[in-house]
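First the proteins, then the strands, lettered A, B, ... as listed; each starts at 1. Treat the numbers as computed from the prediction; the structure is a model and nothing was measured.
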Protein chains: 2
Amino acid sequence: MSLPHAILTALLEKPSSGLELTRRFDKSIGYFWSATHQQIYRELGKLEREGAIRALPRQGATRGQKKEYEVLPAGRAELARWTAASQDPKPMRDTLLLRLRAAAVVGTDGIQADLHRHLDLHRRQLAEYEEIERRDFPPGKDAVEDRLRHVVLRAGIDLETFWTRWLTRTIEELEAP
Amino acid sequence: MSLPHAILTALLEKPSSGLELTRRFDKSIGYFWSATHQQIYRELGKLEREGAIRALPRQGATRGQKKEYEVLPAGRAELARWTAASQDPKPMRDTLLLRLRAAAVVGTDGIQADLHRHLDLHRRQLAEYEEIERRDFPPGKDAVEDRLRHVVLRAGIDLETFWTRWLTRTIEELEAP
DNA sequence: AAGTGTTGTGCAACTAGTTGCATAAAGCGT
DNA sequence: ACGCTTTATGCAACTAGTTGCACAACACTT
(Lines give C-alpha, C1' and ligand atoms only; values in the text may rest on other atoms or scores of the structure.)
Protein backbone atom coordinates (compact mmCIF):
# COMPACT_ATOMS: atom_id res chain seq x y z
CA MET A 1 0.00 0.00 0.00
CA SER A 2 2.97 2.35 0.05
CA LEU A 3 4.68 2.15 -3.31
CA PRO A 4 2.27 4.57 -5.01
CA HIS A 5 2.87 7.04 -2.20
CA ALA A 6 6.62 6.65 -2.44
CA ILE A 7 6.33 7.42 -6.15
CA LEU A 8 4.09 10.43 -5.56
CA THR A 9 6.61 11.79 -3.05
CA ALA A 10 9.48 11.30 -5.47
CA LEU A 11 7.55 12.94 -8.31
CA LEU A 12 6.63 15.92 -6.15
CA GLU A 13 10.27 16.39 -5.26
CA LYS A 14 10.97 16.38 -9.00
CA PRO A 15 8.94 15.29 -12.06
CA SER A 16 10.68 12.33 -13.68
CA SER A 17 10.50 9.51 -16.17
CA GLY A 18 10.28 5.87 -15.12
CA LEU A 19 13.98 5.28 -15.49
CA GLU A 20 14.91 8.42 -13.57
CA LEU A 21 12.60 7.28 -10.77
CA THR A 22 14.25 3.88 -10.82
CA ARG A 23 17.64 5.48 -10.38
CA ARG A 24 16.39 7.63 -7.52
CA PHE A 25 14.91 4.54 -5.88
CA ASP A 26 18.38 3.03 -5.93
CA LYS A 27 19.47 5.75 -3.57
CA SER A 28 17.61 8.29 -1.48
CA ILE A 29 13.98 7.12 -1.29
CA GLY A 30 14.96 3.53 -1.99
CA TYR A 31 16.98 3.44 1.22
CA PHE A 32 13.77 2.90 3.10
CA TRP A 33 11.39 1.88 0.33
CA SER A 34 13.02 -0.14 -2.41
CA ALA A 35 11.36 -0.92 -5.74
CA THR A 36 12.36 -2.41 -9.08
CA HIS A 37 11.77 -0.68 -12.38
CA GLN A 38 9.04 -3.19 -13.24
CA GLN A 39 7.11 -2.27 -10.13
CA ILE A 40 7.59 1.41 -10.86
CA TYR A 41 6.35 1.28 -14.46
CA ARG A 42 3.36 -0.80 -13.43
CA GLU A 43 2.49 1.67 -10.69
CA LEU A 44 3.02 4.71 -12.92
CA GLY A 45 0.48 3.25 -15.34
CA LYS A 46 -1.99 2.70 -12.54
CA LEU A 47 -1.51 6.16 -11.05
CA GLU A 48 -2.01 7.71 -14.48
CA ARG A 49 -5.23 5.75 -15.10
CA GLU A 50 -6.48 6.90 -11.70
CA GLY A 51 -5.77 10.53 -12.49
CA ALA A 52 -3.17 11.02 -9.75
CA ILE A 53 -0.39 11.86 -12.19
CA ARG A 54 -0.08 12.68 -15.88
CA ALA A 55 2.56 12.29 -18.53
CA LEU A 56 3.97 15.65 -19.58
CA PRO A 57 2.73 16.25 -23.13
CA ARG A 58 5.42 15.22 -25.54
CA GLN A 59 4.97 14.30 -29.17
CA GLY A 60 5.46 10.63 -30.05
CA ALA A 61 5.57 9.03 -26.63
CA THR A 62 5.75 5.37 -27.58
CA ARG A 63 7.78 2.46 -26.30
CA GLY A 64 11.45 3.29 -25.88
CA GLN A 65 10.69 7.03 -25.73
CA LYS A 66 11.22 8.89 -22.51
CA LYS A 67 7.97 9.83 -20.77
CA GLU A 68 7.99 12.33 -17.89
CA TYR A 69 5.31 12.36 -15.23
CA GLU A 70 4.09 15.07 -12.90
CA VAL A 71 1.71 14.90 -9.95
CA LEU A 72 -1.86 16.22 -10.34
CA PRO A 73 -3.84 17.87 -7.50
CA ALA A 74 -5.70 14.61 -6.86
CA GLY A 75 -2.39 12.84 -6.36
CA ARG A 76 -1.08 15.43 -3.97
CA ALA A 77 -4.32 15.28 -1.97
CA GLU A 78 -4.13 11.50 -1.75
CA LEU A 79 -0.52 11.69 -0.54
CA ALA A 80 -1.44 14.26 2.12
CA ARG A 81 -4.33 12.07 3.27
CA TRP A 82 -2.13 8.97 3.47
CA THR A 83 0.67 10.79 5.28
CA ALA A 84 -1.65 12.06 7.99
CA ALA A 85 -3.58 8.79 8.40
CA SER A 86 -2.71 6.63 11.38
CA GLN A 87 -0.99 3.35 10.56
CA ASP A 88 0.20 0.49 12.74
CA PRO A 89 3.88 -0.38 12.61
CA LYS A 90 4.16 -3.75 10.98
CA PRO A 91 5.89 -6.55 12.84
CA MET A 92 9.51 -6.96 11.91
CA ARG A 93 10.65 -9.84 9.74
CA ASP A 94 14.34 -10.54 9.92
CA THR A 95 15.90 -13.60 8.37
CA LEU A 96 19.23 -13.30 10.13
CA LEU A 97 17.64 -13.31 13.58
CA LEU A 98 15.55 -16.29 12.55
CA ARG A 99 18.66 -18.11 11.36
CA LEU A 100 20.39 -17.50 14.69
CA ARG A 101 17.41 -18.88 16.50
CA ALA A 102 17.52 -21.92 14.21
CA ALA A 103 21.26 -22.21 14.85
CA ALA A 104 20.44 -22.69 18.52
CA VAL A 105 18.84 -26.03 17.56
CA VAL A 106 20.76 -27.19 14.49
CA GLY A 107 24.19 -25.74 15.27
CA THR A 108 26.19 -22.69 14.27
CA ASP A 109 28.21 -24.31 11.48
CA GLY A 110 28.58 -21.98 8.57
CA ILE A 111 26.68 -19.00 9.92
CA GLN A 112 29.75 -17.11 11.18
CA ALA A 113 31.00 -16.32 7.71
CA ASP A 114 27.69 -14.74 6.86
CA LEU A 115 27.68 -12.70 10.06
CA HIS A 116 31.03 -11.23 9.04
CA ARG A 117 29.71 -10.53 5.58
CA HIS A 118 26.65 -8.75 6.96
CA LEU A 119 28.82 -6.73 9.31
CA ASP A 120 30.85 -5.57 6.35
CA LEU A 121 27.74 -4.65 4.34
CA HIS A 122 26.27 -2.67 7.23
CA ARG A 123 29.54 -0.83 7.77
CA ARG A 124 29.58 0.21 4.13
CA GLN A 125 25.98 1.35 4.26
CA LEU A 126 26.71 3.33 7.41
CA ALA A 127 29.68 5.03 5.74
CA GLU A 128 27.48 5.89 2.76
CA TYR A 129 24.81 7.46 4.96
CA GLU A 130 27.41 9.44 6.88
CA GLU A 131 28.82 10.71 3.62
CA ILE A 132 25.35 11.86 2.56
CA GLU A 133 24.88 13.57 5.90
CA ARG A 134 28.14 15.48 5.51
CA ARG A 135 27.26 16.46 1.96
CA ASP A 136 23.54 17.29 2.24
CA PHE A 137 23.09 18.46 5.81
CA PRO A 138 25.89 20.79 6.81
CA PRO A 139 25.20 22.67 10.08
CA GLY A 140 22.87 25.60 9.51
CA LYS A 141 20.68 23.94 6.93
CA ASP A 142 17.54 23.77 9.01
CA ALA A 143 14.44 24.72 7.10
CA VAL A 144 11.52 22.50 8.12
CA GLU A 145 11.81 20.24 5.06
CA ASP A 146 15.55 19.87 5.60
CA ARG A 147 15.05 18.95 9.24
CA LEU A 148 12.48 16.33 8.26
CA ARG A 149 14.72 14.76 5.65
CA HIS A 150 17.55 14.89 8.13
CA VAL A 151 15.73 12.94 10.86
CA VAL A 152 14.88 10.31 8.26
CA LEU A 153 18.55 10.01 7.34
CA ARG A 154 19.39 9.94 11.05
CA ALA A 155 17.14 6.89 11.40
CA GLY A 156 19.15 5.16 8.69
CA ILE A 157 22.44 6.05 10.35
CA ASP A 158 21.29 4.95 13.80
CA LEU A 159 19.89 1.69 12.45
CA GLU A 160 23.11 0.81 10.67
CA THR A 161 25.03 1.74 13.80
CA PHE A 162 22.83 -0.63 15.76
CA TRP A 163 23.43 -3.47 13.33
CA THR A 164 27.20 -3.04 13.23
CA ARG A 165 27.38 -3.00 17.03
CA TRP A 166 25.03 -5.92 17.45
CA LEU A 167 26.82 -8.00 14.81
CA THR A 168 30.20 -7.25 16.38
CA ARG A 169 28.99 -8.40 19.79
CA THR A 170 27.23 -11.44 18.35
CA ILE A 171 30.34 -12.55 16.49
CA GLU A 172 32.40 -12.21 19.69
CA GLU A 173 29.77 -14.18 21.55
CA LEU A 174 29.90 -17.01 19.01
CA GLU A 175 33.66 -17.15 18.93
CA ALA A 176 34.01 -17.09 22.72
CA PRO A 177 34.59 -20.45 24.50
CA MET B 1 11.28 -18.29 1.74
CA SER B 2 11.55 -18.27 5.52
CA LEU B 3 8.21 -19.27 6.96
CA PRO B 4 8.81 -23.01 6.52
CA HIS B 5 12.14 -22.63 8.31
CA ALA B 6 10.57 -20.64 11.13
CA ILE B 7 8.06 -23.46 11.55
CA LEU B 8 10.74 -26.15 11.48
CA THR B 9 12.68 -24.29 14.16
CA ALA B 10 9.59 -23.96 16.33
CA LEU B 11 8.73 -27.64 15.89
CA LEU B 12 12.25 -28.72 16.77
CA GLU B 13 12.08 -26.67 19.92
CA LYS B 14 8.84 -28.49 20.69
CA PRO B 15 6.45 -30.63 18.59
CA SER B 16 3.13 -28.83 18.37
CA SER B 17 -0.25 -28.58 16.67
CA GLY B 18 -1.18 -25.78 14.31
CA LEU B 19 -2.91 -23.76 16.98
CA GLU B 20 -0.08 -24.14 19.46
CA LEU B 21 2.32 -22.95 16.78
CA THR B 22 0.06 -19.99 16.11
CA ARG B 23 0.18 -19.03 19.77
CA ARG B 24 3.94 -19.36 19.85
CA PHE B 25 4.17 -17.18 16.78
CA ASP B 26 2.29 -14.52 18.71
CA LYS B 27 5.23 -14.29 21.05
CA SER B 28 8.78 -15.61 20.91
CA ILE B 29 9.45 -16.58 17.28
CA GLY B 30 6.78 -14.22 15.99
CA TYR B 31 8.72 -11.26 17.42
CA PHE B 32 10.97 -11.43 14.38
CA TRP B 33 8.93 -13.60 12.03
CA SER B 34 5.20 -13.11 12.31
CA ALA B 35 2.64 -15.40 10.71
CA THR B 36 -1.12 -15.91 10.83
CA HIS B 37 -2.74 -19.27 11.52
CA GLN B 38 -3.84 -19.54 7.89
CA GLN B 39 -0.26 -19.25 6.71
CA ILE B 40 0.84 -21.78 9.29
CA TYR B 41 -1.73 -24.43 8.40
CA ARG B 42 -1.03 -24.01 4.72
CA GLU B 43 2.70 -24.40 5.31
CA LEU B 44 2.27 -27.39 7.65
CA GLY B 45 0.37 -29.18 4.89
CA LYS B 46 3.11 -28.38 2.40
CA LEU B 47 5.91 -29.48 4.73
CA GLU B 48 4.08 -32.73 5.42
CA ARG B 49 3.59 -33.48 1.72
CA GLU B 50 7.30 -32.82 1.18
CA GLY B 51 8.28 -35.23 3.94
CA ALA B 52 9.92 -32.61 6.17
CA ILE B 53 7.52 -33.19 9.05
CA ARG B 54 4.85 -35.73 9.97
CA ALA B 55 1.70 -35.72 12.03
CA LEU B 56 2.11 -37.76 15.20
CA PRO B 57 -0.05 -40.85 14.74
CA ARG B 58 -3.33 -40.27 16.45
CA GLN B 59 -6.63 -42.00 15.78
CA GLY B 60 -9.31 -39.93 14.06
CA ALA B 61 -7.39 -36.84 13.08
CA THR B 62 -10.07 -35.02 11.15
CA ARG B 63 -11.14 -31.40 11.00
CA GLY B 64 -11.53 -29.85 14.45
CA GLN B 65 -9.28 -32.54 15.98
CA LYS B 66 -5.89 -31.57 17.29
CA LYS B 67 -3.02 -32.78 15.10
CA GLU B 68 0.56 -32.65 16.42
CA TYR B 69 3.55 -32.46 14.13
CA GLU B 70 7.18 -33.41 14.59
CA VAL B 71 10.20 -32.76 12.40
CA LEU B 72 11.66 -35.61 10.31
CA PRO B 73 15.39 -35.98 9.52
CA ALA B 74 14.84 -34.47 6.06
CA GLY B 75 13.32 -31.40 7.68
CA ARG B 76 16.17 -30.96 10.13
CA ALA B 77 18.70 -31.33 7.31
CA GLU B 78 16.91 -28.70 5.24
CA LEU B 79 16.87 -26.32 8.21
CA ALA B 80 20.59 -26.83 8.83
CA ARG B 81 21.31 -26.22 5.15
CA TRP B 82 19.23 -23.04 5.10
CA THR B 83 20.75 -21.73 8.33
CA ALA B 84 24.29 -22.09 7.05
CA ALA B 85 23.59 -20.73 3.56
CA SER B 86 24.64 -17.19 2.83
CA GLN B 87 21.80 -14.72 2.35
CA ASP B 88 21.75 -11.04 1.52
CA PRO B 89 20.07 -8.72 4.00
CA LYS B 90 16.97 -7.39 2.33
CA PRO B 91 16.53 -3.66 1.98
CA MET B 92 14.45 -2.12 4.69
CA ARG B 93 10.89 -0.99 4.07
CA ASP B 94 9.54 1.41 6.62
CA THR B 95 6.27 3.21 6.15
CA LEU B 96 6.81 5.73 8.92
CA LEU B 97 10.08 6.96 7.44
CA LEU B 98 8.40 7.20 4.06
CA ARG B 99 5.57 9.23 5.57
CA LEU B 100 8.03 11.66 7.14
CA ARG B 101 9.71 12.11 3.83
CA ALA B 102 6.32 12.73 2.26
CA ALA B 103 5.54 15.18 5.07
CA ALA B 104 8.52 17.22 3.90
CA VAL B 105 6.58 17.97 0.70
CA VAL B 106 2.91 17.88 1.76
CA GLY B 107 3.22 19.15 5.34
CA THR B 108 3.32 17.60 8.79
CA ASP B 109 -0.38 18.01 9.59
CA GLY B 110 -1.70 15.00 11.44
CA ILE B 111 1.47 12.95 11.59
CA GLN B 112 2.47 14.03 15.11
CA ALA B 113 -0.32 12.11 16.79
CA ASP B 114 0.81 8.95 15.08
CA LEU B 115 4.43 9.52 16.08
CA HIS B 116 3.30 9.69 19.70
CA ARG B 117 1.26 6.53 19.26
CA HIS B 118 4.22 4.68 17.75
CA LEU B 119 6.46 5.87 20.57
CA ASP B 120 4.01 4.40 23.04
CA LEU B 121 3.82 1.09 21.18
CA HIS B 122 7.59 0.78 20.98
CA ARG B 123 7.94 1.56 24.68
CA ARG B 124 5.51 -1.21 25.53
CA GLN B 125 7.32 -3.66 23.29
CA LEU B 126 10.61 -2.70 24.88
CA ALA B 127 9.19 -3.27 28.35
CA GLU B 128 7.91 -6.69 27.24
CA TYR B 129 11.30 -7.72 25.89
CA GLU B 130 13.03 -6.55 29.05
CA GLU B 131 10.60 -8.56 31.12
CA ILE B 132 11.40 -11.65 29.04
CA GLU B 133 15.11 -11.01 29.49
CA ARG B 134 14.73 -10.83 33.28
CA ARG B 135 12.62 -13.98 33.31
CA ASP B 136 14.44 -16.21 30.79
CA PHE B 137 18.05 -15.08 30.93
CA PRO B 138 19.17 -14.58 34.51
CA PRO B 139 22.95 -14.19 34.88
CA GLY B 140 24.69 -17.54 34.77
CA LYS B 141 22.47 -19.13 32.15
CA ASP B 142 25.05 -19.36 29.40
CA ALA B 143 24.93 -22.62 27.54
CA VAL B 144 25.54 -22.07 23.83
CA GLU B 145 21.85 -22.30 22.91
CA ASP B 146 20.94 -19.86 25.66
CA ARG B 147 23.58 -17.40 24.54
CA LEU B 148 22.25 -17.59 20.98
CA ARG B 149 18.66 -17.01 22.00
CA HIS B 150 19.86 -14.21 24.23
CA VAL B 151 21.64 -12.29 21.47
CA VAL B 152 18.50 -12.56 19.38
CA LEU B 153 16.45 -11.07 22.22
CA ARG B 154 19.14 -8.43 22.65
CA ALA B 155 18.61 -7.40 19.03
CA GLY B 156 14.92 -6.90 19.79
CA ILE B 157 15.70 -4.84 22.88
CA ASP B 158 18.27 -2.69 21.10
CA LEU B 159 15.99 -2.12 18.14
CA GLU B 160 13.11 -0.99 20.31
CA THR B 161 15.51 1.22 22.25
CA PHE B 162 16.59 2.78 18.98
CA TRP B 163 13.00 3.45 17.93
CA THR B 164 11.98 5.02 21.22
CA ARG B 165 15.01 7.31 21.18
CA TRP B 166 14.61 8.24 17.55
CA LEU B 167 10.88 8.90 17.92
CA THR B 168 11.48 11.04 21.00
CA ARG B 169 14.02 13.15 19.16
CA THR B 170 11.89 13.36 16.03
CA ILE B 171 8.86 14.55 18.01
CA GLU B 172 10.99 17.24 19.68
CA GLU B 173 12.31 18.27 16.30
CA LEU B 174 8.80 18.63 14.88
CA GLU B 175 7.53 20.57 17.84
CA ALA B 176 10.49 22.93 17.95
CA PRO B 177 10.05 26.39 16.31
C1' DA C 1 24.79 -0.39 -43.71
C1' DA C 2 25.18 -3.60 -40.25
C1' DG C 3 26.31 -4.84 -35.73
C1' DT C 4 26.72 -3.64 -30.73
C1' DG C 5 25.76 -1.33 -26.48
C1' DT C 6 22.92 1.80 -23.76
C1' DT C 7 18.75 3.91 -22.46
C1' DG C 8 14.09 3.41 -21.74
C1' DT C 9 9.55 1.04 -21.36
C1' DG C 10 6.82 -2.73 -20.37
C1' DC C 11 4.29 -7.58 -19.99
C1' DA C 12 3.61 -12.18 -17.82
C1' DA C 13 4.23 -15.56 -14.59
C1' DC C 14 5.41 -16.60 -10.12
C1' DT C 15 5.90 -16.29 -4.92
C1' DA C 16 4.71 -14.72 -0.48
C1' DG C 17 1.62 -12.71 2.56
C1' DT C 18 -3.20 -11.01 3.90
C1' DT C 19 -8.21 -11.08 4.52
C1' DG C 20 -12.46 -13.11 4.93
C1' DC C 21 -14.92 -16.78 5.79
C1' DA C 22 -16.33 -21.89 6.66
C1' DT C 23 -16.41 -25.97 9.26
C1' DA C 24 -16.03 -29.39 12.99
C1' DA C 25 -15.65 -31.10 17.70
C1' DA C 26 -15.99 -30.47 22.63
C1' DG C 27 -17.35 -28.30 26.89
C1' DC C 28 -20.91 -25.94 29.43
C1' DG C 29 -25.03 -24.00 31.09
C1' DT C 30 -30.13 -24.47 31.18
C1' DA D 1 -31.77 -32.09 24.25
C1' DC D 2 -30.81 -27.19 23.10
C1' DG D 3 -28.06 -23.38 21.97
C1' DC D 4 -23.49 -20.82 23.01
C1' DT D 5 -18.66 -20.35 23.36
C1' DT D 6 -14.04 -22.01 22.78
C1' DT D 7 -10.71 -24.73 20.49
C1' DA D 8 -9.07 -26.22 16.29
C1' DT D 9 -8.43 -26.74 11.26
C1' DG D 10 -8.68 -25.15 6.79
C1' DC D 11 -10.05 -23.13 1.85
C1' DA D 12 -10.41 -19.28 -1.55
C1' DA D 13 -9.73 -14.92 -3.22
C1' DC D 14 -6.98 -11.03 -3.13
C1' DT D 15 -2.80 -7.89 -2.79
C1' DA D 16 1.95 -6.85 -3.02
C1' DG D 17 6.40 -7.84 -4.49
C1' DT D 18 9.88 -10.56 -7.42
C1' DT D 19 11.90 -12.67 -11.52
C1' DG D 20 12.57 -13.34 -16.17
C1' DC D 21 12.26 -11.72 -20.32
C1' DA D 22 11.02 -8.80 -24.53
C1' DC D 23 10.95 -4.81 -27.34
C1' DA D 24 11.87 -0.05 -29.15
C1' DA D 25 14.81 3.89 -30.06
C1' DC D 26 19.14 5.88 -30.38
C1' DA D 27 24.20 6.42 -30.36
C1' DC D 28 28.61 4.58 -31.61
C1' DT D 29 31.65 1.60 -34.16
C1' DT D 30 33.54 -0.63 -38.07
Are OP1 or OP2 of dG8(C) and a side-chain N or O of Arg23(A) less than 4.0 angstrom apart? yes
Please set out all donor-acceptor pairs under 3.5 angstrom arising from side-chain atoms of residues 35-49 of chain A, sequence neighbours excluded.
residue: Thr36(A); atom: OG1; partner: Gln39(A); partner atom: N; Å: 3.4
residue: Gln39(A); atom: OE1; partner: Thr36(A); partner atom: N; Å: 3.1
residue: Tyr41(A); atom: OH; partner: Leu19(A); partner atom: N; Å: 3.4

Assign Ser17(A) to base, sugar-phosphate, or nothing according to its heavy-atom contacts below 4.0 angstrom with the strands shown. sugar-phosphate
Using a cut-off of strictly less than 4.0 Å, decide whether Arg93(B) has a side-chain nitrogen or oxygen near OP1 or OP2 of dT18(D). yes
Spacing between Phe25(B) atom CZ and dT9(D) atom C1', to the nearest angstrom: 17 Å
Short of 4.0 Å, heavy atom to strand atom, which residues of residues 81-90 of chain B count as contacting DNA chain D? none
With Glu172(A), which residues qualify under side chain to side chain donor-acceptor pair (under 3.5 Å), at least two apart? none
For Ala104(A), give me all partners under side-chain contact (heavy atoms from CB on, under 4.5 Å), at least two apart in sequence or on another chain. Glu145(B), Leu148(B), Arg149(B)
Please report, rounded to the nearest Å, how far the C1' atom of dT15(C) is from the NE2 atom of His5(B). 15 Å
Tell me the interatomic distance from Leu47(B), atom CG, to dG10(D), atom P, rounded to whole angstroms. 13 Å
For residues 131-153 of chain A, which residue pairs pass the ring-ring contact (aromatic ring centres under 6.0 Å, His included) check, not counting sequence neighbours? Phe137(A)-His150(A)
Under 4.0 Å from any atom of DNA chain D, heavy atoms only: list the residues of residues 33-44 of chain A that qualify, in numerical order. Trp33(A), Thr36(A), Gln38(A), Gln39(A), Arg42(A)
Non-neighbouring partners of Tyr31(B) that pass ring-ring contact (aromatic ring centres under 6.0 Å, His included), sequence neighbours left out: Tyr129(B)
Rounded to whole Å, please give me the gap between CG in Leu21(A) and C1' in dT7(C). 15 Å
Whether Arg117(B) and Asp120(B) form a salt bridge (side-chain N of Lys/Arg under 4.0 Å from carboxylate O of Asp/Glu) is what I want to check. no
Expressed as a whole number of angstroms, how long is the span from Met1(A):CE to dA16(C):P? 23 Å
Given DNA chain D, 5'-ward residue of the pair Leu19(B) and Ser2(A), judged by closest heavy atom: Leu19(B)
Is there any ring-ring contact (aromatic ring centres under 6.0 Å, His included) pair reaching into residues 99-125 of chain B, and which pairs are they, with sequence neighbours excluded? His122(B)-Trp163(B)
Once salt bridge (charged side-chain N to carboxylate O under 4.0 Å, His left out) is applied, what residue pairs with a partner in residues 22-33 of chain A remain, sequence neighbours excluded? Glu13(A)-Arg24(A)
Check ion pair Asp158(B)-Arg165(A) (N to O, under 4.0 angstrom): no
Specify the separation, in whole Å, of atom NZ of Lys67(B) and atom C1' of dG10(D). 9 Å
